[in-house]
Amino acid sequence: MGKVMIAPSVLGCDQGNIAEEAMALQMAGADMIHLDVMDGVFVPVLTTGAGVAASITRRIDIPVDAHLMVQNPSNLIKAFADAGCAYITVHAEVTSHLDRLLQQIRLAGSKAGVAVNPSTPVDFLRWVAPAVDLVLIMTVNPGYGGQKHLGYVHDKIPETRRILDSNGGAGALISVDGGVTDANAGKLISAGADILVSGSFITGSGDPAAAIAKLR
């Protein structure tokens with residue numbers, strides 16, 4: 001595995017100044033920006049739309065992953081792809097037709113990601129592995145920033161890698177999101193994480209560059 005990638009979540013940033021905040025995170029050494037999109041239905045919080053994504057992608061050179069924590073992602077995929085999001089990640093829990101959603105993302109011009117909540121088994125991945133570019137393993141229940149990291153989910157990381165590699169998804173990246181700090185980053189990387197998503201540890205630190213360096 002190459003260098004672990006750090007993807008700050010901009011959920012805790014100044015939402016009225018979010019493009020500038022994303023630019024500052026890129027300057028601090030971020031490899032990717034993680035954009036939490038919530039609809040107030042699938043999760044209890046309401047956040048940003050595709051217009052905000054476009055304002056970010058116009059100002060930075062690193063990829064944006066639009067994490068769609070929404071009940072009906074198929075309605076939003078084209079808008080976020082058109083906004084320039086390199087990755088669009090949908091939740092396995094919201095659809096009976098995951099393969100169709102992943103193909104829709106790729107046809108729209110973005111890379112296809114699938115997110116799994118802490119209680120969701122990952123064995124379904126063997127049926128969609130060739131259509132997946134990224135698997136986002138949630139180590140908190142999605143909806144609120146600053147939650148406690150659920151360490152017992154770590155076993156999903158090597159299990160996910162085995163399933164992907166054995167079923168045509170060897171090129172897919174594994175991302176981990178939820179309570180990621182320097183206290184657990186080493187364990188996550190050792191388990192096989194390619195991308196660490198971290199919100200408040202980076203954006204609330206007062207020194208994002210130092211926080212990103214600690215995670216590496």
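Numbers here are sequence positions counted from 1. None of these values were measured; they are calculated from a predicted model.
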For the residue pair Q104 and S74, confirm or rule out a side-chain donor-acceptor distance under 3.5 Å.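 No, S74 and Q104 have no side-chain donor paired with an acceptor closer than 3.5 Å.
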
Looking at [X] and [Y], would you say the former's side chain and the latter's main chain have a donor-acceptor pair under 3.5 Å?
X: T139; Y: H149; value: no
X: K156; Y: P118; value: yes
X: E159; Y: V122; value: no
X: T89; Y: A115; value: no
X: D133; Y: A112; value: yes
X: S205; Y: I202; value: yes

Check: Got a sec: does the CZ of R216 have more than 12 other heavy atoms crowding it under 6.0 Å?
Finding: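 Atom CZ in R216 is crowded, with more than 12 foreign heavy atoms closer than 6.0 Å.
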
Taking the side chain as every heavy atom from C-beta outward, state whether [X] and [Y] have any pair of such atoms under 4.5 Å apart.
X: L215; Y: I189; answer: no
X: N72; Y: V70; answer: no
X: T160; Y: I137; answer: yes
X: V180; Y: L188; answer: yes
X: P73; Y: T95; answer: no
X: S55; Y: R59; answer: no
X: H91; Y: P142; answer: yes
X: S9; Y: T203; answer: no

Please report the interatomic distance [atom1]([X]) to [atom2]([Y]), rounded to the nearest 0.5 Å.
X: F124; Y: I163; atom1: CZ; atom2: CD1; answer: 8.5 Å
X: C85; Y: I56; atom1: SG; atom2: CD1; answer: 8.0 Å
X: N141; Y: S119; atom1: CG; atom2: OG; answer: 6.5 Å
X: I62; Y: I33; atom1: CD1; atom2: CD1; answer: 4.0 Å
X: I174; Y: D194; atom1: CD1; atom2: CG; answer: 6.0 Å
X: D31; Y: Q26; atom1: CG; atom2: CD; answer: 10.0 Å

*ILVMFWY cluster, L101 and W127 together (side-chain gap under 4.5 Å)*: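 Shared cluster, no.
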
Let me check something: any side-chain donor-acceptor pairs from residues 37-52 under 3.5 Å, sequence neighbours excluded? List them with distances.
residue: D39; atom: OD1; partner: V41; partner atom: N; Å: 2.8
residue: D39; atom: OD1; partner: F42; partner atom: N; Å: 2.9
residue: D39; atom: OD2; partner: Q71; partner atom: N; Å: 2.7
residue: T47; atom: OG1; partner: D36; partner atom: O; Å: 3.0
residue: T47; atom: OG1; partner: M38; partner atom: N; Å: 2.7

Item checked: Of all pairs that satisfy side-chain hydrogen bond (donor to acceptor under 3.5 Å, both in side chains), the ones with a partner from residues 163-186, not counting sequence neighbours ->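 Those involving residues 163-186 are H34-D177, R161-D165.
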
Closest heavy-atom contact between [X] and [Y]?
X: N17; Y: E20; result: OD1-OE1, 3.0 Å
X: A185; Y: L196; result: CB-CD1, 3.7 Å
X: A28; Y: I212; result: O-CD1, 3.8 Å
X: L25; Y: P8; result: CD1-CB, 3.9 Å
X: I88; Y: S110; result: CD1-OG, 3.7 Å
X: T57; Y: A54; result: OG1-O, 3.2 Å

Cluster companions of V140 among Ile, Leu, Val, Met, Phe, Trp, Tyr (side-chain spacing under 4.5 Å):
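Cluster partners of V140: M5, M32, Y87, L134, L136, M138, L173, I195, V197.
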
